[in-house]
Engineer: 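This is the structure I have questions about; it appears just below.
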Amino acid sequence: MRIARFSIDGNVAFGAVEGDGPDGLVLDIIKGIPYAEFELSGTKVPLSKVRLLPPVLPNKVVAIGRNYAEHAKELGNEVPDVPVAFFKPTTSVIGSGDAIEYPSFSNELHHEAELAVVIGRMCREVPRERVKDVIFGYTCANDVTARDAQKREKQWARAKGFDTSCPLGPWVETDLDPGDLTIQATVNGEQRQLGRTSEMIRSVEDLVVHITEAMTLLPGDVILTGTPAGVGPLHVGDEVAVTIEGIGTLTNKVIKRG
């Protein structure tokens with residue numbers, strides 16, 4: 001099931017996405033919240049009549065760096081012995097169709113297409129055999145990065161945590177095997193990144209086990225699983241799209257901040 005979060009007439013709701021093709025999609029409004037038992041209301045609205053919002057509002061976004069060997073290589077980095085984790089704040093999260101604001105402290109903004117894992121229940125110290133039980137679903141993500149600031153500051157808080165640096169969407173797909181999916185990024189229609197999730201050094205199961213050894217994850221929290229090779233520059237006016245097989249396409253335009 002595809003679960004979207006949207007606004008219509010000033011109201012925010014979740015809905016199940018039904019139909020095919022951009023002109024045939026409708027939302028069946030959900031009664032309650034999707035992390036618990038819910039019912040479909042039967043009240044349907046065309047997707048074209050609503051504004052899509054970030055599909056979740058995470059308490060935290062835990063991101064993983066250098067989880068594809070070719071991406072580590074293209075930036076001159078070694079593959080780490082253990083997963084490299086960092087946080088992106090909730091204020092970095094935007095939805096499909098929202099604008100990425102080019103930060104004033106950077107002159108080298110990069111796209112990073114990623115598979116995002118959405119947590120469905122509170123969990124800690126999750127054993128490998130129970131990882132599937134705590135996952136709500138998957139969505140597309142763009143770990144937008146101020147690459148020059150990342151290099152200059154030697155840590156990633158500002159470079160990867162600035163406002164609008166974490167586009168998520170367009171919705172969450174709850175019925176998906178993440179093991180071997182095509183993942184790609186285009187800029188102005190030109191392909192920049194193309195890879196498969198099977199190329200990840202650490203799998204989704206590995207990452208959930210590793211992260212929950214240290215911290216509790218809450219419903220709606222998001223794990224970014226790393227990006228394949230091909231990251232590259234974004235400029236004001238560019239339209240960047242992240243497409244993942246079985247999920248859909250996340251699209252954002254880059255604008256000048258302020």
Side-chain angles (χ1 to χ4, degrees), residues 1-6 13-47 50 52-58 61-62 64 67 93 95-96 113-123 126-142 167-184 195-200 202-209 211-212 217-226 228 241-251:
M1 181 179 287
R2 294 170 291 178
I3 304 293
R5 182 171 163 269
F6 64 95
F14 289 94
V17 183
E18 300 176 350
D20 295 299
D23 298 325
L25 296 178
V26 297
L27 293 162
D28 192 336
I29 297 175
I30 288 173
K31 294 180 180 179
I33 59 173
Y35 309 119
E37 293 289 333
F38 66 85
E39 297 180 0
L40 297 177
S41 68
T43 301
K44 300 184 180 183
V45 293
L47 186 67
V50 309
L52 283 177
L53 301 174
V56 291
L57 283 179
V61 177
V62 187
I64 302 297
N67 198 29
V93 174
S96 189
E114 309 206 7
L115 175 72
V117 181
V118 180
I119 298 300
R121 62 177 65 180
M122 186 170 69
C123 57
V126 180
R128 180 174 298 275
E129 63 272 15
R130 285 197 55 241
V131 166
K132 291 183 179 179
D133 297 337
V134 306
I135 292 175
F136 175 62
Y138 302 88
T139 192
C140 305
N142 191 346
L168 298 174
W171 42 64
V172 177
E173 174 56 67
T174 64
D175 184 17
L176 189 70
D177 181 348
D180 187 27
L181 305 173
T182 302
I183 177 171
Q184 65 176 321
R196 302 195 67 84
T197 56
S198 55
E199 298 166 356
M200 290 195 296
R202 279 102 185 175
S203 67
V204 168
E205 289 82 5
D206 293 334
L207 298 179
V208 172
V209 170
I211 291 166
T212 61
L217 296 178
L218 303 175
D221 280 352
V222 171
I223 298 172
L224 304 189
T225 59
V242 175
T243 301
I244 300 179
E245 179 184 357
I247 300 176
T249 299
L250 164 70
T251 304

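Side-chain atoms are counted along with the backbone in the values below, which use heavy atoms only and exclude waters and symmetry mates.
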Engineer: Could you go through the side-chain contact (heavy atoms from CB on, under 4.5 Å) check for T225 and M200 one step at a time?
Structural biologist: CA-CA 8 Å; T225 59; M200 290 195 296; 3.6 Å; yes
Engineer: Name all residues meeting the side chain to side chain contact (heavy atoms under 4.5 Å, CB included) criterion together with D180; count only those two or more places apart in sequence or in a different chain, and write none if there are none.
Structural biologist: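 For D180 the side chain to side chain contact (heavy atoms under 4.5 Å, CB included) partners, ignoring immediate neighbours, are R196, S198.
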Engineer: Quick one: side chain to side chain contact (heavy atoms under 4.5 Å, CB included) partners of M1, sequence neighbours excluded?
Structural biologist: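 Expected list: I3, A16, F38, T174.
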Engineer: What closest approach, in Å, do C123 and V134 show between heavy atoms, and which atom pair accounts for it?
Structural biologist: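 Heavy atoms only, the tightest pair is CB-CG1, 3.8 Å.
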Engineer: Measure from the side-chain N and O atoms of T43 to the backbone N and O of I29, and report whether any donor-acceptor pair falls under 3.5 Å.
Structural biologist: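 Judged by distance alone, no pair lies under 3.5 Å.
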Engineer: So which atom in C140 and which in G248 form the shortest heavy-atom distance, rounded to 0.1 Å?
Structural biologist: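 Answer, listing the atom of C140 first, then G248: SG-O, 3.4 Å.
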Engineer: Taking only residues two or more places apart in sequence or in another chain, which ones pass side-chain hydrogen bond (donor to acceptor under 3.5 Å, both in side chains) with R128?
Structural biologist: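 Once residues adjacent in sequence are excluded, the partners of R128 under the side-chain hydrogen bond (donor to acceptor under 3.5 Å, both in side chains) criterion are D206.
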Engineer: Ignoring hydrogens, what is the shortest heavy-atom contact between T251 and A241? Give both atom names and the distance.
Structural biologist: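 So the two residues come closest at OG1-CB, 3.9 Å.
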Engineer: Could you walk me through whether I244 and Y138 pass side-chain contact (heavy atoms from CB on, under 4.5 Å), step by step?
Structural biologist: CA-CA 10 Å; I244 300 179; Y138 302 88; over 6 Å; no
Engineer: Can a donor-acceptor pair be found, under 3.5 Å and without considering hydrogens, that links the side chain of T243 to the backbone of Q184?
Structural biologist: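 Flag not set: sc T243 to bb Q184 has no pair under 3.5 Å.
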Engineer: Between D28 (side chain only) and G42 (backbone N and O only), is there a donor and an acceptor less than 3.5 Å apart?
Structural biologist: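 Here the side-chain-to-backbone pair exists.
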Engineer: In Å and rounded to the nearest 0.5 Å, what is the CG to CG distance from L181 to L176?
Structural biologist: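 Atom-to-atom, L181:CG and L176:CG are 5.0 Å apart.
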Engineer: With side-chain contact (heavy atoms from CB on, under 4.5 Å) as the criterion, how do V222 and F136 come out once you've worked through the C-alpha distance, each side chain's angles and the decisive distance to 0.1 Å?
Structural biologist: CA-CA 10 Å; V222 171; F136 175 62; over 6 Å; no
Engineer: Are the side chain of T212 and the backbone of V126 linked by a donor-acceptor contact shorter than 3.5 Å?
Structural biologist: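 Flag set: sc T212 to bb V126 pair under 3.5 Å.
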Engineer: Closest approach of A4 and L52, non-hydrogen atoms and distance?
Structural biologist: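 Closest heavy-atom pair between A4 and L52: CB-CD2, 3.9 Å.
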Engineer: Looking at side-chain heavy atoms only, is the closest gap between V208 and I223 below 4.5 Å?
Structural biologist: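 The answer is yes, as the side chains (C-beta and beyond) meet within the 4.5 Å cut-off.
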Engineer: Only counting residues at least two apart or in another chain, list the ones meeting side-chain hydrogen bond (donor to acceptor under 3.5 Å, both in side chains) with N67.
Structural biologist: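 Per chain and number, N67 pairs via side-chain hydrogen bond (donor to acceptor under 3.5 Å, both in side chains) with no residue.
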Engineer: Output all residues satisfying side chain to side chain contact (heavy atoms under 4.5 Å, CB included) with P228, sequence neighbours left out; order by chain, then residue number.
Structural biologist: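 For P228, the residues satisfying side chain to side chain contact (heavy atoms under 4.5 Å, CB included) (neighbours in sequence not counted) are Y68, I183, Q193.
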Engineer: How long is the span from the CD atom in E114 to the CG atom in L168, to the nearest 0.5 Å?
Structural biologist: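 The CG atom of L168 is 10.5 Å from CD of E114, to the nearest 0.5 Å.
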Engineer: Not counting sequence neighbours, which residues clear side-chain hydrogen bond (donor to acceptor under 3.5 Å, both in side chains) with E18? List them please.
Structural biologist: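 Result, side-chain hydrogen bond (donor to acceptor under 3.5 Å, both in side chains) vs E18: K44.
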Engineer: Can you tell me how far apart CZ (F14) and CG (L40) are? Round to the nearest 0.5 Å.
Structural biologist: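 Rounded to the nearest 0.5 Å, the CZ-CG separation comes to 13.5 Å.
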Engineer: For the residue pair V56 and G220, what are the closest heavy atoms and their distance?
Structural biologist: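 Scanning both residues completely, I find the closest heavy atoms to be CG2-O, 3.7 Å.
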Engineer: Check whether more than 12 heavy atoms from other residues, nucleotides or ligands sit under 6.0 Å from atom CD of E129, and answer yes or no.
Structural biologist: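 Above 12, so yes.
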Engineer: For the pair L25 and R2, evaluate side-chain contact (heavy atoms from CB on, under 4.5 Å) and give the outcome as yes or no after the intermediate values.
Structural biologist: CA-CA 11 Å; L25 296 178; R2 294 170 291 178; 4.1 Å; yes
Engineer: Say you draw a straight line from CD1 of I30 to CZ of R5; how long is it, rounded to the nearest 0.5 Å?
Structural biologist: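 Answer for the CD1-CZ pair, I30 versus R5, is 12.5 Å.
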Engineer: Do P178 and V117 have side chains that get closer than 4.5 Å, going by heavy atoms?
Structural biologist: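 No, too far: nothing below the 4.5 Å cut-off.
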Engineer: In chain order, what residues pass the side-chain hydrogen bond (donor to acceptor under 3.5 Å, both in side chains) check against E173, with sequence neighbours excluded?
Structural biologist: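 Counting only residues at least two positions away or on another chain, E173 forms no side-chain hydrogen bond (donor to acceptor under 3.5 Å, both in side chains).
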Engineer: What distance do I247 atom CD1 and L115 atom CG have between them, rounded to the nearest 0.5 Å?
Structural biologist: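 Separation between the atoms: 5.5 Å.
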Engineer: Might you point out which heavy atoms bring A113 and V242 nearest each other, and give the distance in Å?
Structural biologist: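 Scanning both residues completely, I find the closest heavy atoms to be CB-CG1, 3.7 Å.
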Engineer: Judged by atom type as modelled, is there a donor-acceptor pair below 3.5 Å linking the side chain of T139 to the main-chain atoms of W171?
Structural biologist: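 Yes; judged by distance alone, with no hydrogens or angles, the pair exists.
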Engineer: Just to verify, what does P167 make a side chain to side chain contact (heavy atoms under 4.5 Å, CB included) with, not counting sequence neighbours?
Structural biologist: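 Expected list: I94, I100, N142, V144, L250, N252.
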Engineer: Ignoring hydrogens and angles, tell me if any N or O in the side chain of T182 forms a donor-acceptor pair with the backbone of E245 under 3.5 Å.
Structural biologist: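 Checked: no pair found.
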